[in-house]
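Chain A is the first sequence line, chain B the second, and so forth, proteins listed ahead of strands; every chain is numbered from 1. Fair warning: this is a prediction, and the values are worked out from it, not measured in the lab. Atoms considered below: every heavy atom in the structure, side chains included; atoms not considered: hydrogens, waters and symmetry mates.
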There are 4 protein chains.
Amino acid sequence: LDLNSDLGEGYGRWALGDDAAMLEVVTSANIACGFHAGDPATIDRTVRTAVERGVAVGAQVSYPDLVGFGRREIDVPPDELTADVLYQLGALEAFARAAGSRVRYVKPHGALYNRIARDPVQAAAVVEAIRRYDPALPLLTLPGSVAMEAAREAGVPSVAEGFADRAYTAEGRLVSRREPGSVLHDPEQVAARAVVMATEHQVETADGTQVAVQVRSLCVHGDTPGAVDLARAVRTALEQAGVTLEAFA
Amino acid sequence: LDLNSDLGEGYGRWALGDDAAMLEVVTSANIACGFHAGDPATIDRTVRTAVERGVAVGAQVSYPDLVGFGRREIDVPPDELTADVLYQLGALEAFARAAGSRVRYVKPHGALYNRIARDPVQAAAVVEAIRRYDPALPLLTLPGSVAMEAAREAGVPSVAEGFADRAYTAEGRLVSRREPGSVLHDPEQVAARAVVMATEHQVETADGTQVAVQVRSLCVHGDTPGAVDLARAVRTALEQAGVTLEAFA
Amino acid sequence: LDLNSDLGEGYGRWALGDDAAMLEVVTSANIACGFHAGDPATIDRTVRTAVERGVAVGAQVSYPDLVGFGRREIDVPPDELTADVLYQLGALEAFARAAGSRVRYVKPHGALYNRIARDPVQAAAVVEAIRRYDPALPLLTLPGSVAMEAAREAGVPSVAEGFADRAYTAEGRLVSRREPGSVLHDPEQVAARAVVMATEHQVETADGTQVAVQVRSLCVHGDTPGAVDLARAVRTALEQAGVTLEAFA
Amino acid sequence: LDLNSDLGEGYGRWALGDDAAMLEVVTSANIACGFHAGDPATIDRTVRTAVERGVAVGAQVSYPDLVGFGRREIDVPPDELTADVLYQLGALEAFARAAGSRVRYVKPHGALYNRIARDPVQAAAVVEAIRRYDPALPLLTLPGSVAMEAAREAGVPSVAEGFADRAYTAEGRLVSRREPGSVLHDPEQVAARAVVMATEHQVETADGTQVAVQVRSLCVHGDTPGAVDLARAVRTALEQAGVTLEAFA
C-alpha cells in the first residue's frame, strides 16, 4: 500500500502544514506546482527533501487559482486545461530532475480533482496532457470515477486511492464534505479503517454496512498538527497489521 | 550564423507580434515561459509551430512580472531566482517534449538579461539553474558580459549574440536605448550591418570607427509589422552574402 | 439613449482596441478594473481620457481571471465575490476621483455578466457589493435577468441594456453566441436595428417577428477596427433619427 | 502616542499573524491592500474588525509582489508606481466606506518603505498618488527620510514613526537588519525603550549614547505569538507611564 499526502502547499512568505513531519510518514508526495500553491523556491525545497527521504514525487496539478487555493471550479476550455497541466508537469519535473529523480505520477488538486471525477470533457483534457507528456505516467484518482475511465480510454494508467478518514456511501463513493459526519477525526477509528481497507479491501459505510473498495493508495492530510498525528497513527497501525508501505510508482 | 527572436509573447486574450511570419525568418525562437508573457496555451501553439518549421526552441526566462513585461529589475534573492529559472525551463520543456523536441538553450529576457550582464550574484543564480537542470544547455548572452563569465566559471556553455539594429560603443558594448540614435530602423542599413558582423566580425560604432564583435547569433525583433520586414531584410542580405543560417544549438 | 462600450482592456505591454476612437462615440465607458484586464496605469489613462471627453465612467467588474480574460465561469463563494466587486469598485473610484469625477454605474464583465443573468446566488453577491458601497449606483444588465431582479430586491437601481448587433429570440433573450447568425456584422443592418430599438422599442427576432425590448443603453464593441466603424455607424444613424445620446448616469 | 501594526497580511487559504489579538493592542492598523498580501475577503474581514474596535485604518501599499511578500525592490517607473498606489488606496477605501469609516493614512510596506526612504523618484511617485487622491491624507514614514521630504514638498502631511525593537545609530537612523543586534526581542527592554521614546523623545543607540527621536507613532509587529506578547508589553508599559494611546489620524 502507498500513503500519499498534499505537500509543498505554502507560497512565498506563507507556510502551510508540517511537510518535514509528513515526509517521515508518507511514501508519495503530491507536490503543489504553483497554480494553487507552491512558488518555485518552495517546490525546490519540498522536492529535494522528498527525494532525500525516498518519497515518490507526484504532480499536484490545479486550476490557476492562488486566491481560491484551487478550490473553485473554473470553466477552463479543454485545450487550455491540457496546456495548464503540461505546464505544471514540466515545471515540477525540472526540480525532480535537478534533485536526481523524476515526476512519478499526477494527482489533480481540489476542485479539479472533483470536477474530473464527473466531467468527461475536463477529465479527457487532463488525461490528454499526461498522454502527450508521458503516457506511462499514472493518474491517481477515485476508483470508478469519470477520470479513471478517461485514462483507460487514452491508454494512460490510473491508480485507485481511498480515504480512511472519509465516510463512504453504499455505492463506494465519498459522502460529500457538506454532510455531517463525512470527515472522521478520531485517530484510532481512522487507523482501524485504514487497516480494514488495506487487508480486507472493504470499508464500513455511513449506514453501517460494508462495501468493497480496492485501493492502491491511501490519502492522508498534513495541514494541521492533529492531522500529522492522525497520519502517524494510520502508518503505525498499517505496519503493525503487516501491511508493506511503499510508493506505487 | 543563427537568427534568434523573442516569440510567444502574447498572454491569453492579448496577442503580440506576428509569430507565424517570424518563424519563417529565424532559426532560433526565444519562447516566453509565462513569467513576463506566454500563458500555457500560447506556449503550446508557439512551440508546436516552431518545431514543425525546424526552428530551435529556447527558454526566454524572466523575472515574475506580467504587468511590467519583465522590463523592471527586481531584487530577487539568488536561491529564489535559481528556482524561478528552473521552473520556467521545466515548464517550456514539457511543451517541447510533447512536440517531439527539446529546449535547446536559455536566453534571459528584458531586465533580467540586462541585470545579469553586470550583476555577478544574479548571473550566478541564473547559471546555477542551468547547471542543475542540464549543464550542456547553452546560455545566449552578450559577449564580454558578467553572465558569460559566470557561465564559464560554472562550466556551462555560452553563445555570443549581437544586434544589427543597435548602436555599439568603441568598447563593443551596446549604446543605451535611452541615447538618441541607439536603435536603427532602416532595413537596408541594418541588413548591411548584419552582413559585416557575420562576414567581417566587426561593426561600425556610434562614432564611426570599427570594433570587433564575434557573434554566433543575431537577434531580430518581430513585435511590429515594420520589424518583420526588417528581419526579412536581414535574412535575405545574409543569404545573398553567402552566410549559412542555422541554429547554433 | 446611452451608448456603452468596454474600454481600458489592455494590460501592461498589451493593448486592446482603439479606446481613443471609441471615447468619441460612446456616452458611457465600462472600464476594466484589473481582474480580467486593466493594470493601474492603463486604468489611469483611460479614466482621465473618459472624464476629459465627458464620458461617464462605469466599473466593469470581473472574476479574477487575467489569463482567461474573465470569460471563464468561476465558482467564487458569494462573500468572496462581494469582496471582489467591492475591491474593484474602490480601485476604479480612486482614479475617477483623482480625475475629478466618480464611478457612475457597475457593469459586470464576460462570464460574470452571463452567470448573474441566471444564477441568483452570484447575482445577489454582486448586488450586495453595490448596496454596501453605494446603494444609489445602478447596475447595467439584461432586462428580465436574474441580476435585474436581485437588484430590485436589494433596492439597488438597474438599467436595461440591449445589443443591436446580436440576434434576439421571440422571448426577447439573446441568441447564444455559439449559434450561427447570433452576431451581426453589417454596419448598415446593425445601425438600422439600433434605430428601431431606440425609437420603436422593439427588435426583429431571428425568426423574423418583432419583440418588445425596452432598453436605456445600447452596447457597442470596439476591440477591432471594424467594430469601431460599426459603432460610429450606430451613433450616426441614431443621431440622424433624432435620438438624443447621453449617459444614463 | 499611536501604536501601529501591519495587519490583514494573509492571502486566501494562508493566514499570517493573530490580527484579532493585535487589534486589541494597536490604535492604527496598516492593512495590506492586495499587492503583497490581502485578498479582498481578508481585507473585508480585517477592516470590519478594525472599525468595530475603533482602530484607525491605514493603507499598507506595496509593490506588486505576492510571491516575494513585497520585500523585493522593483524598478517600477514613477507613473506606474503612482497608479499602483492609487489603485490600492481606492480598493481599501471601498471596504473602509462599506464599514462606515475611511482610510486615514498611508504606510508603504517592506521594500517600498525602505526604497522611498532614500530614492527621491519613487518617493515623489508615492506622494503624488496621495496628493491626487486626497492631499490631507498623512504618510507614515521615518523621520528625516527622503519620503518625508517629498511629502513636505508636495504639501502632503507626514507622520514620524519609530521602532522600539530596533537598534538606532548615533544619527537617529535604524541599524540594518543584517547587523547583529539590530532587532531586540526582550519584551521588558523593548517596553522600556518605548517609554523613553514616548516620554523623553530619545532612544539609546547601539553604542550606548542617547539620540533624539521625535515620533508620533510606534510600530509593533504581530506576526508571531511572541510578537503579540511584546506588543502587549509595550502597550502596558506606555499606559503605566501615563502615555495616552490614540490614533494620530
Side-chain angles (χ1 to χ4, degrees), chain A residues 8 10-13 31-35 38-48 51 57 59 61-64 66 76-103 106 125-126 128-137, chain B residues 8 10-13 31-35 38-48 51 57 59 61-64 66 76-103 106 125-126 128-137:
Chain A
Y11 191 77
R13 173 76 175 82
I31 298 181
C33 299
F35 273 39
D39 61 288
T42 294
I43 296 176
D44 196 9
R45 282 191 304 273
T46 311
V47 168
R48 281 176 194 247
V51 171
V57 169
V61 297
S62 168
Y63 290 125
L66 269 187
V76 182
D79 57 334
E80 296 176 22
L81 184 54
T82 297
D84 283 352
V85 173
L86 273 169
Y87 187 92
Q88 294 175 79
L89 263 172
L92 186 65
E93 186 86 271
F95 297 98
R97 285 174 51 145
S101 184
R102 293 291 308 274
V103 171
V106 177
V126 170
E128 170 67 1
I130 301 174
R131 195 195 59 73
R132 286 180 58 194
Y133 187 72
D134 178 358
L137 213 56
Chain B
Y11 191 76
R13 173 75 174 84
I31 297 181
C33 299
F35 273 40
D39 60 289
T42 294
I43 297 175
D44 196 7
R45 281 192 304 272
T46 310
V47 168
R48 282 177 193 245
V51 172
V57 169
V61 298
S62 169
Y63 291 125
L66 270 188
V76 182
D79 57 333
E80 297 176 21
L81 183 54
T82 296
D84 283 351
V85 173
L86 274 168
Y87 187 92
Q88 294 175 80
L89 262 172
L92 185 66
E93 186 86 271
F95 297 98
R97 285 174 52 144
S101 184
R102 293 291 308 274
V103 171
V106 178
V126 170
E128 170 66 1
I130 301 174
R131 195 197 58 73
R132 286 180 59 197
Y133 187 72
D134 178 358
L137 213 56

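- Aromatic ring pairs are classed by plane angle as parallel below 30°, tilted from 30° to 60° and perpendicular above 60°; the pair B:F35 and B:Y87 is tilted.
- Nearest approach of B:A99 to B:V47, heavy atoms of both residues: CB-CG1, 4.1 Å.
- Smallest separation of non-hydrogen atoms from A:P64 and A:D84: CD-OD2, 3.8 Å.
- Nearest heavy atoms, B:T46 versus B:G8: OG1-CA, 3.6 Å.
- Only the side chain of B:D44 comes within less than 4.5 Å of a heavy atom in chain A; its backbone stays farther off.
- When each of B:L86, B:V85, B:T82 is checked for heavy-atom pairs under 4.5 Å with chain A, B:L86 comes out on top.
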(Q) Set out, in order, the CA-CA distance, both residues' side-chain angles and the distance that settles side-chain contact (heavy atoms from CB on, under 4.5 Å) for B:L89 and B:L137, then state yes or no. (A) CA-CA 11 Å; B:L89 262 172; B:L137 213 56; 3.9 Å; yes
Q.
I'd like to know whether B:L81 forms a side-chain contact (heavy atoms from CB on, under 4.5 Å) with B:V126, so could you lay out the CA-CA distance, the side-chain angles of the two residues, the decisive distance to 0.1 Å, and finally the verdict.
A. CA-CA 7 Å; B:L81 183 54; B:V126 170; 4.1 Å; yes
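- Only the side chain of B:F95 has a heavy atom closer than 4.5 Å to any heavy atom of chain A.
- Using a 4.5 Å cut-off between heavy atoms, B:I43 touches chain A through its side chain atoms alone.
- Annotation: maximal heavy-atom pairing with chain A below 4.5 Å, among B:E80, B:R132, B:R131, occurs at B:R132.
- The candidate with the highest count of non-hydrogen atom pairs below 4.5 Å against chain B, out of A:Q88, A:R45, A:R97, is A:R97.
- With chain B as partner, the option from A:P77, A:A98, A:P40 having the largest number of non-hydrogen pairs under 4.5 angstrom is A:P40.
- Per-residue counts of heavy-atom pairs under 4.5 Å with chain B were compared for A:A83, A:A41, A:A94; the largest is that of A:A83.
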